[in-house]
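Here is the structure we will look at, set down as structure tokens.
By convention here, the first residue in the shown sequence is residue 1. Values below: all heavy atoms of this structure, side chains included; hydrogens, waters and symmetry mates excluded.
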Amino acid sequence: MSRGLMSDVTTIVTALLSTSCCVVQLLLNAFSFSCAGFAIFTPYRGYLTAATMVLLALKFGLGGWKSRRAWTTASLVLAIMMTPELVAWVNVQEAGPSQPAITSVMIQLDGLGCLACANRIRNALLGVDWVESASVFFDNSSALIQYRSGQAGAVARLVQVVKDVDAKYDAFLIV
């Protein structure tokens, strides 16, 4: 493998690790596979991002600013590194104005390993016809759900929806 290609691969791998492999997890979730457990890299995201930026700086320093290959690698790496923020942006929606016929409930989630997992749970909750909005928060493993009032056993059914997404997830009401 040539030195330039090895440099590109190393830079892309550090970018993937800095996202806790969010891209890989999203692809796995798209095909209904569970998360691969790459979230263990999340606490080291700052270090991995810094390492990626150093590798990019070296790439430009050694290859020059006019290097098409360096710009292609930099574009790909920056797109990869932005995926957690894009997933978070899609995952958390603004709650609309409160209506008298809407009930809000906060549930605690167990087994949440990544932003892609949070997005799977959010999509499952939004798939319930009487749920008006659902925001899943990866940082504190919770979900805020707004649903039409008058649903018998609503909280128990919402908990079951979470459990049905994957056996590793559990949920319970935050009082």
Side-chain angles (χ1 to χ4, degrees), residues 8-56 72-96 104-147 154-175:
D8 291 342
V9 169
T10 304
T11 306
I12 291 168
V13 167
T14 58
L16 277 171
L17 292 176
S18 77
T19 66
S20 299
C21 286
C22 194
V23 174
V24 175
Q25 291 174 358
L26 285 172
L27 288 174
L28 288 172
N29 288 341
F31 295 104
S32 298
F33 289 103
S34 182
C35 293
F38 294 108
I40 60 171
F41 294 110
T42 301
Y44 307 106
R45 183 169 188 221
Y47 299 114
L48 291 166
T49 300
T52 303
M53 297 312 269
V54 167
L55 289 170
L56 279 177
T72 302
T73 302
S75 299
L76 179 62
V77 163
L78 292 175
I80 290 170
M81 289 173 60
M82 287 176 28
T83 56
E85 285 75 20
L86 290 173
V87 170
W89 179 73
V90 168
N91 192 29
V92 179
Q93 67 181 19
E94 300 250 353
S104 295
V105 66
M106 184 76 108
I107 59 173
Q108 184 67 37
L109 304 169
D110 287 337
L112 202 60
C114 64
L115 288 171
C117 296
N119 201 36
R120 283 181 73 197
I121 291 172
R122 177 181 172 268
N123 289 337
L125 291 167
L126 289 173
V128 177
D129 63 344
W130 42 268
V131 170
E132 293 293 320
S133 71
S135 298
V136 178
F137 304 99
F138 171 68
D139 294 339
N140 66 358
S141 297
S142 66
L144 175 62
I145 304 146
Q146 294 183 329
Y147 61 92
V155 174
R157 292 196 299 178
L158 292 171
V159 166
Q160 191 58 48
V161 167
V162 171
K163 289 179 180 182
D164 289 345
V165 171
D166 194 305
K168 72 178 183 177
Y169 301 131
D170 197 5
F172 52 91
L173 178 66
I174 297 176
V175 181

Report the distance from atom CD1 of I121 to atom CZ of F138, rounding to the nearest 0.5 Å. 11.0 Å
For the student: nearest non-hydrogen atoms of A143 and L125, plus distance: CB-CD1, 4.4 Å
Which pair of heavy atoms, one from V77 and one from A15, lies closest together, and at what distance? CG1-CB, 3.6 Å
Roughly how far apart are I80 CD1 and T52 OG1, rounded to 0.5 Å? 9.5 Å
With sequence neighbours left out, what residues match D170 under salt bridge (Lys or Arg N to Asp or Glu O under 4.0 Å)? K163
If you apply the rule side chain to side chain contact (heavy atoms under 4.5 Å, CB included), what do you find for Y147 with L158, and how did you get there? CA-CA 10 Å; Y147 61 92; L158 292 171; 4.1 Å; yes
Name the atoms and distances for all side-chain donor-acceptor pairs under 3.5 Å in residues 104-116, with sequence neighbours left out.
unit_1 : atom_1 : unit_2 : atom_2 : d
S104   : OG     : Q146   : NE2    : 3.2
Q108   : NE2    : N140   : O      : 3.3
Q108   : NE2    : S141   : O      : 2.9

Considering all heavy atoms, the nearest W130-A154 contact: CH2-O, 3.7 Å
Grab the two heavy atoms, one from I174 and one from S142, that are nearest each other, plus how far apart they are. CD1-CB, 4.3 Å
When rounded to the nearest 0.5 Å, the distance separating CG of L55 from OG1 of T10 is 7.0 Å
Working to the nearest 0.5 Å, report the span between OG of S133 and CG of L144. 6.5 Å
I'd like to know if the side chain of R122 and the backbone of A134 have a donor-acceptor N/O pair within less than 3.5 Å. yes
R45 to M81 - nearest heavy-atom pair and separation: NH2-O, 3.0 Å
Correct closest heavy-atom pair for A171 and V159 would be O-CG1, 3.3 Å
